[in-house]
> 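Below you will find the structure I want to go over with you.
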Amino acid sequence: MTRLRSVVGGICLLAALGSGIGLARAAPAAEGSRPAESAVTRAHQQARRAFGARRWAEAEASFEAALAAPGAAWMPAVQRAEVLGHLGLCELEQGKHQEAAEHLGQSLEQDAALNQMLLRRFTRAFNRAVEHVGRIYVAASPPDAEILMDGKPIGTGVTAHELFVAPGAYTLRARLSGHGEVSQRVEVAAGMTVGAALQLARTADAPARAPEPGARKSEPIKPAADAAAPVAAPGPWASWPGTLRIAGVAATTAALSAGAVFMLRGSVLDGDIRERLDGLNRDPAWTSGACREAPQPPACPELQRMREQRDRSGTLGTALVATGAVVGAVTAASFFINLSSLRSTPARSGIHVVPVTTAQQVSVVALGVW
């Protein structure tokens with residue numbers, strides 16, 4: 001019995017030693033297999049170093065590498081907003097106003113993730129960039145129609161697209177199987193905003209759907225006495241509701257976007273005024289009523305000019321936002337109003353509003369006969 005216990009104890013001791021050796025070997029292996037620093041972080045750090053050294057081309061390439069690196073889809077919102085904003089600053093320093101406006105605009109769409117200092121800096125840079133480019137808002141109906149600009153696809157008509165382009169003339173085109181192709185020529189100048197609504201009409205000779213295999217054959221159609229009678233042409237009210245609705249969506253988007261930009265500019269100017277006053281208040285010779293006395297200090301005309309610009313920007317921004325809200329409300333209400341009585345033929349179905357959620361946005365899609 002004693003010998004059996006000795007044998008069992010030896011086996012347990014060997015097993016313990018073996019497991020200890022295995023753990024000792026596994027520990028360095030696990031430490032060595034630790035994932036390396038992510039490509040996004042490396043590219044971002046390299047870009048920040050180049051940005052601090054004012055090497056704009058190198059910083060631009062590194063910021064773009066961070067956005068294109070594996071794992072960029074899981075980048076936190078604050079990091080993505082900063083990367084897009086700093087990328088726009090690099091492009092602005094190199095005179096690439098179109099790219100700068102696009103990336104700065106994408107950064108400002110996530111303004112909640114930015115601190116006030118970066119928000120003001122990116123807003124000023126965005127305003128500088130849009131002074132040199134044109135802006136186009138384009139929408140199409142039906143929503144699944146493909147939109148092209150000068151032959152280059154830019155998306156579908158599910159949402160209104162905001163395009164920053166160099167000053168000049170462009171051809172916008174929309175196409176969809178079973179519908180007639182529509183094109184529109186637009187011309188924009190620097191600092192100018194235009195809108196385009198592309199309404200596609202269904203063609204009369206759209207290809208018929210092939211019958212499914214095994215489907216029961218329908219009875220032959222008997223010739224009707226009036227089969228050769230001409231089909232009545234659609235009346236002048238056949239397509240106007242859809243066109244006006246698309247125009248309403250484009251106008252609402254343009255008004256709200258422009259209003260937000262002016263309100264942001266007013267907010268930035270208000271912050272600049274407060275900073276200027278804080279600096280003047282530290283001067284013992286400055287008093288709160290200095291600008292009401294004669295002669296006025298040299299800083300008073302500049303403060304008055306900044307206040308006027310702030311008030312104009314705030315008033316214009318509020319007016320544009322209010323106008324966009326009214327137009328948007330009227331446009332949204334029109335989707336629920338039966339306008340089929342104004343058509344040459346009654347509508348075949350109503351409007352169905354379907355919510356659509358993606359990783360980038362939450363929106364609704366109106367399906368039905370426009």
> Nearest heavy-atom pair of Val130 and Ala101: which atoms, and what distance?
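Minimum heavy-atom contact is CG1-CB, 4.2 Å.
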
> Measure the spacing between CG of Leu67 and OG of Ser62 and express it to the nearest 0.5 Å.
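Leu67 CG to Ser62 OG: 11.0 Å, rounded to 0.5 Å.
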
> Could you grab the distance from atom CG of Leu176 to atom OG1 of Thr156, nearest 0.5 Å is fine?
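Leu176 CG to Thr156 OG1: 10.5 Å, rounded to 0.5 Å.
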
> Measure the spacing between CD of Glu91 and CD of Glu60 and express it to the nearest 0.5 Å.
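So the gap between those two atoms works out to 5.0 Å.
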
> Ignoring hydrogens, what is the shortest heavy-atom contact between Ala160 and Val249? Give both atom names and the distance.
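For Ala160 versus Val249, the nearest heavy atoms are CB-CG1, 4.4 Å.
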
> At their closest point, which heavy atom of Leu200 faces which heavy atom of Gly180, and how far apart are they?
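So the minimum-distance heavy-atom pair works out to CG-O, 3.6 Å.
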
> Do Glu102 side-chain atoms and Gln98 backbone N/O form a donor-acceptor pair below 3.5 Å?
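Pair absent, no side-chain N/O of Glu102 close to backbone of Gln98.
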
> Determine, using ring centers only, whether Phe122 and His86 are less than 6.0 Å apart.
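Centroid distance His86-Phe122: below 6.0 Å, so yes.
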
> Less than 4.5 Å apart, side chain to side chain, heavy atoms only: is that true for Glu162 and Ile136?
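Heavy-atom side-chain distance check fails, nothing below 4.5 Å.
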
> Verify the cluster assignment for Leu119 and Val268: are they in a single hydrophobic cluster under the rule of side-chain heavy atoms below 4.5 Å apart?
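No, it is not one cluster - the side chains of Leu119 and Val268 are not joined through contacts under 4.5 Å.
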
> Identify the heavy atoms of Ala251 and Val327 that sit nearest to each other, and give their distance.
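Nearest heavy atoms, Ala251 then Val327: CB-CG1, 4.4 Å.
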
> Is it true that atom CZ of Arg48 has more than 12 heavy atoms of other residues, nucleotides or ligands lying nearer than 6.0 Å?
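Not more than 12 within 6.0 Å, no.
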
> Give the minimum heavy-atom separation between Gly259 and Leu320, together with the two atoms involved.
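Scanning both residues completely, I find the closest heavy atoms to be CA-CB, 3.7 Å.
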
> How about Phe262: does its CZ atom have over 12 heavy atoms from other parts shown lying under 6.0 Å from it?
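Not more than 12 within 6.0 Å, no.
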
> Could you pull out every donor-acceptor pair under 3.5 Å between side chains of residues 181-192 and any protein atom, sequence neighbours left out?
from, atom 1, to, atom 2, distance (Å)
Glu181, OE1, Arg173, NH1, 3.3
Glu181, OE2, Arg173, NH1, 3.0
Arg185, NH1, Thr171, OG1, 2.5

> What distance separates Glu58 CD from Phe63 CZ, expressed to the nearest 0.5 Å?
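Output value for this atom pair is 11.0 Å.
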
> Are Phe126 and Trp56 connected in a single hydrophobic cluster, I mean Ile/Leu/Val/Met/Phe/Trp/Tyr linked by side-chain heavy atoms less than 4.5 Å apart?
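Yes, same cluster.
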
> Does Phe51 belong to the same Ile/Leu/Val/Met/Phe/Trp/Tyr cluster as Leu114, with side-chain heavy atoms less than 4.5 Å apart forming each link?
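Same hydrophobic cluster.
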
> Answer yes or no: is there a donor N or O on one side and an acceptor on the other, between the side chain of Arg80 and the main chain of Ala72, under 3.5 Å?
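Side chain of Arg80 to backbone of Ala72, a donor-acceptor pair under 3.5 Å: yes, one is there.
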
> Is it true that a side-chain atom of His44 and a backbone atom of Arg42 form a donor plus acceptor pair closer than 3.5 Å?
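No.
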
> With side-chain contact (heavy atoms from CB on, under 4.5 Å) as the test, would you mind laying out the steps for Leu163 and Val138 before giving the verdict?
CA-CA 8 Å; Leu163 308 175; Val138 57; 4.1 Å; yes

> Nearest 0.5 Å please: distance from the CG atom of Leu84 over to the CG atom of Leu108.
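Spacing of CG (Leu84) from CG (Leu108) equals 10.0 Å.
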
> Show the nearest heavy-atom pair for residues Ala113 and Val78, with the distance to one decimal.
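The pair with the smallest heavy-atom distance is O-CG2, 3.2 Å.
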
> Under the side-chain contact (heavy atoms from CB on, under 4.5 Å) criterion, do Val165 and Arg135 qualify, and how do the steps go?
CA-CA 6 Å; Val165 297; Arg135 189 185 308 186; over 6 Å; no

> Using a strict threshold of under 4.0 Å (side-chain N to carboxylate O), is an ion pair present between Glu93 and Arg55?
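The answer is no: the pair does not qualify as a salt bridge.
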
> Report whether Tyr137 and Ile154 are members of the same hydrophobic cluster (ILVMFWY, side-chain heavy atoms less than 4.5 Å apart, transitive linking).
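In one cluster: no.
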
> Output a table of donor-acceptor pairs, distance under 3.5 Å, between side-chain atoms of residues 306-313 and any protein atom two or more places apart or on a different chain; print 'none' if there are none.
from, atom 1, to, atom 2, distance (Å)
Glu308, OE2, Gln304, NE2, 3.3
Gln309, OE1, Arg305, NH1, 3.4
Arg310, NH1, Asp270, OD1, 2.9
Ser313, OG, Arg265, NH1, 2.9
Ser313, OG, Gln309, O, 3.0

> Check whether any side-chain N or O of His132 sits under 3.5 Å from a backbone N or O of Arg128 as a donor-acceptor pair, and report yes or no.
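Such a contact is found between His132 side chain and Arg128 backbone.
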
> Can you tell me how far CD of Glu302 sits from CG of Asp272, rounded to the nearest 0.5 angstrom?
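Reported to 0.5 Å precision, the distance equals 10.0 Å.
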
> Could you walk me through whether Gln79 and Val40 pass the side-chain contact (heavy atoms from CB on, under 4.5 Å) test, one step at a time?
CA-CA 10 Å; Gln79 185 180 9; Val40 175; 3.9 Å; yes

> Are Leu104 and Leu118 grouped together when hydrophobic residues (ILVMFWY) are joined by side-chain heavy atoms under 4.5 angstrom apart?
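Yes.
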
> Quick one: does Ser107's side chain have a donor or acceptor within less than 3.5 Å of a partner on His103's backbone?
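No.
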
